[in-house]
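Notes follow the structure.
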Amino acid sequence: MSARSFGPALNWLDVLFVPLKGRNKPLKGTWRWRGTQAEHLIMEAAAPALEHMTLEQGVRALIEAVPDALARAGSCLDLQLGFDLEGAQAAVLSCLSGQIDSSAIRRISVNLEVAGANRMAATRVGHDALRREWRRPLTRSLRWVRVHAVGKAISRSRPLADACRMVGGLIGSALAQQVETPGYDEIYVNLGTDDTTVRYERTALEDWCENAWAVVGEPQLAERDPARLRRTVFDAAREALLVLAEVDHLDGVKIARLLGEIDVDGLANVFVHRRMEHASVTAQITYSLGERNDHGCILRPIFHLEAMDLETGSRMRWPLGPIDLMEAGRALTRLQISSREIRLHLHGKPLRFPLGHVMDSGPRTGPVARR
């Protein structure tokens, strides 16, 4: 069951066994919600008299009750979304084809963690199937993309963590404010060595972020060369994002184009953090991940303020220093342009950058600014 999806109408069913003795209420089904989305369905079923059964008999009785719960769940499902009821019932009944004895139960109990992971991963498969058929309006601009290595085998690898951090910075810089989503601000790419692990240990758990799934073989993730490892992570993240674009009906063509422009190997891309125009002057704050002064695991690219006179083509450029990439939005504020100067607050401190006759025809690096 855990390896299959039977349709987008139901991605997770809990069967709640309740005693019927002394109960006057009919058995019912209840949807549980995660934020604004129906996450899973709880169907009540009559509890068998387990006290008169052996453990093996009790397990069989519980499994035999599930097909009926699936049938009754039909009245709770969205009729416009598909669900293979007969296929799901057949899959449940296939669990009864073999002998259920103490050795079989013992074998399952030893691997309860694996079984639980498979079950939780399967709900993600169903959830993705639902979103493929449910075209939600694109209402929010994407703010960032993060890449996380998940799973015990790889999550503690420092080289892999560095590669994920760099790839997240590259992709986040390329896609921020360029792609519309159905309501989430960030995408978390979960990178692991198998489908179950990336879904079970997913990192996006709130409505404002969404998961994407990237699976790469463990030998490839053990690559020692930083550039080749970065390329491996980037290619996997790119594929995961394009699959997510299909699931949520994002602009996959635009995502592919923007990611295709990234210089993964040379890190030569110059990204625009913010841009403003006033009269004939254009000012923009830029950075490149190829020019950094990192602090531990914190990416700190060197930011620059650039100014250009659109009439004369003259330019100026001032370094602003290394800034934590994830804090740049709070560190760089109040960008303003007047006829004489550009004003900017850096970490709350006001800076002034004079314009006018000092602008020349080529790039120029001046002092950080005069206060």
Side-chain angles (χ1 to χ4, degrees), residues 141-145 165-179 227 230 234 251 254-295 298-371:
S141 294
L142 182 68
R143 289 176 51 193
W144 203 251
V145 176
R165 193 176 303 111
M166 182 63 70
V167 169
L170 288 169
I171 295 179
S173 298
L175 299 186
Q177 307 302 323
Q178 300 297 313
V179 177
R230 185 167 65 243
F234 177 84
D251 190 343
K254 186 175 185 180
I255 291 174
R257 177 178 60 80
L258 292 172
L259 296 184
E261 296 172 354
I262 294 179
D263 179 11
V264 183
D265 303 315
L267 305 177
N269 296 92
V270 176
F271 299 105
V272 177
H273 172 72
R274 190 175 177 187
R275 179 185 176 93
M276 178 177 290
E277 293 186 9
H278 175 74
S280 65
V281 177
T282 296
Q284 60 184 20
I285 300 172
T286 64
Y287 64 92
S288 170
L289 291 178
E291 184 184 4
R292 309 189 316 277
N293 183 5
D294 296 342
H295 181 70
I298 299 175
L299 288 179
R300 298 202 310 166
I302 308 298
F303 280 72
H304 291 84
L305 174 64
E306 300 180 1
M308 176 179 178
D309 190 314
L310 299 178
E311 294 180 351
T312 65
S314 58
R315 302 169 181 266
M316 290 194 72
R317 186 170 185 255
W318 301 271
L320 300 174
I323 299 173
D324 181 351
L325 185 57
M326 303 309 299
E327 296 293 326
R330 285 183 281 267
L332 297 163
T333 59
R334 300 188 184 184
L335 177 63
Q336 297 176 317
I337 308 175
S338 69
S339 59
R340 294 175 175 266
E341 64 185 11
I342 300 174
R343 293 186 292 275
L344 171 70
H345 280 215
L346 176 59
H347 297 298
K349 299 178 181 179
L351 304 176
R352 300 169 61 194
F353 304 84
L355 298 174
H357 66 281
V358 297
M359 297 184 71
D360 55 37
S361 58
R364 172 178 171 182
T365 301
V368 172
R370 60 183 179 84
R371 295 282 299 275

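- Between atom CE of residue M316 and atom CG of residue L355 there is a gap of 7.5 Å, rounded to the nearest 0.5 Å.
- Across all their heavy atoms, E341 and P354 have their closest contact at CB-CA, 4.1 Å.
- Minimum heavy-atom separation, A174 to L258: O-CD1, 3.8 Å.
- The closest donor-acceptor contact from the side chain of R230 to the backbone of D265 lies under 3.5 Å.
- At least one donor-acceptor pair closer than 3.5 Å links the side chain of D263 to the backbone N or O of A268.
- Within a 6.0 Å sphere centred on CZ of R257, other residues, nucleotides and ligands contribute more than 12 heavy atoms.
- The CG atom of L170 sits 6.0 Å away from the CG atom of L267 when rounded to the nearest 0.5 Å.
- Heavy-atom minimum distance, A283 versus L305: CB-CD1, 4.4 Å.
- Between L289 atom CG and S173 atom OG the span is 5.0 Å, to the nearest 0.5 Å.
- When all heavy atoms are compared, the tightest approach of L335 to M276 is O-CE, 3.1 Å.
- Smallest separation of non-hydrogen atoms from W318 and A307: CZ3-CB, 3.9 Å.
- Between L175 and L259, the closest side-chain pair of non-hydrogen atoms falls below 4.5 Å.
- Using a distance-only test at 3.5 Å, with no hydrogens or angles considered, a donor-acceptor pair links the side chain of N269 to the main chain of E261.
- In this pair, F271 and Y287 present their aromatic rings tilted. The plane angle is within the 30 to 60° band.
- Rounding to the nearest 0.5 Å places CZ of R315 at 9.5 Å from OG1 of T282.
- Among H273, R317, Q284, the one residue that satisfies the side chain to side chain donor-acceptor pair (under 3.5 Å) test with H304 is R317.
- With rounding to the nearest 0.5 Å, the separation of CZ in R340 from CD1 in I337 is 16.0 Å.
- Interatomic distance, CD of Q336 versus NE2 of H278, reported as 10.5 Å (0.5 Å rounding).
- Side-chain atoms of K254 never come within 3.5 Å of backbone atoms of V179 as a donor-acceptor pair (strictly under, hydrogens ignored).
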- Message: What verdict does the side chain to side chain contact (heavy atoms under 4.5 Å, CB included) test give for R292 and R300, after you've listed the backbone C-alpha separation in whole Å, the side-chain angles of each residue and the deciding distance to 0.1 Å?
- Response: CA-CA 5 Å; R292 309 189 316 277; R300 298 202 310 166; 5.8 Å; no
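- Between L344 and L320, some side-chain heavy-atom pair lies under the 4.5 Å cut-off.
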- Item | Test log, rule side chain to side chain contact (heavy atoms under 4.5 Å, CB included), inputs L346 and I323 | CA-CA 10 Å; L346 176 59; I323 299 173; 3.7 Å; yes
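- Within 6.0 Å of CZ on R143 lie no more than 12 heavy atoms contributed by other residues, nucleotides or ligands.
- Looking only at side-chain heavy atoms (C-beta outward), R274 and L332 stay at 4.5 Å or farther from each other.
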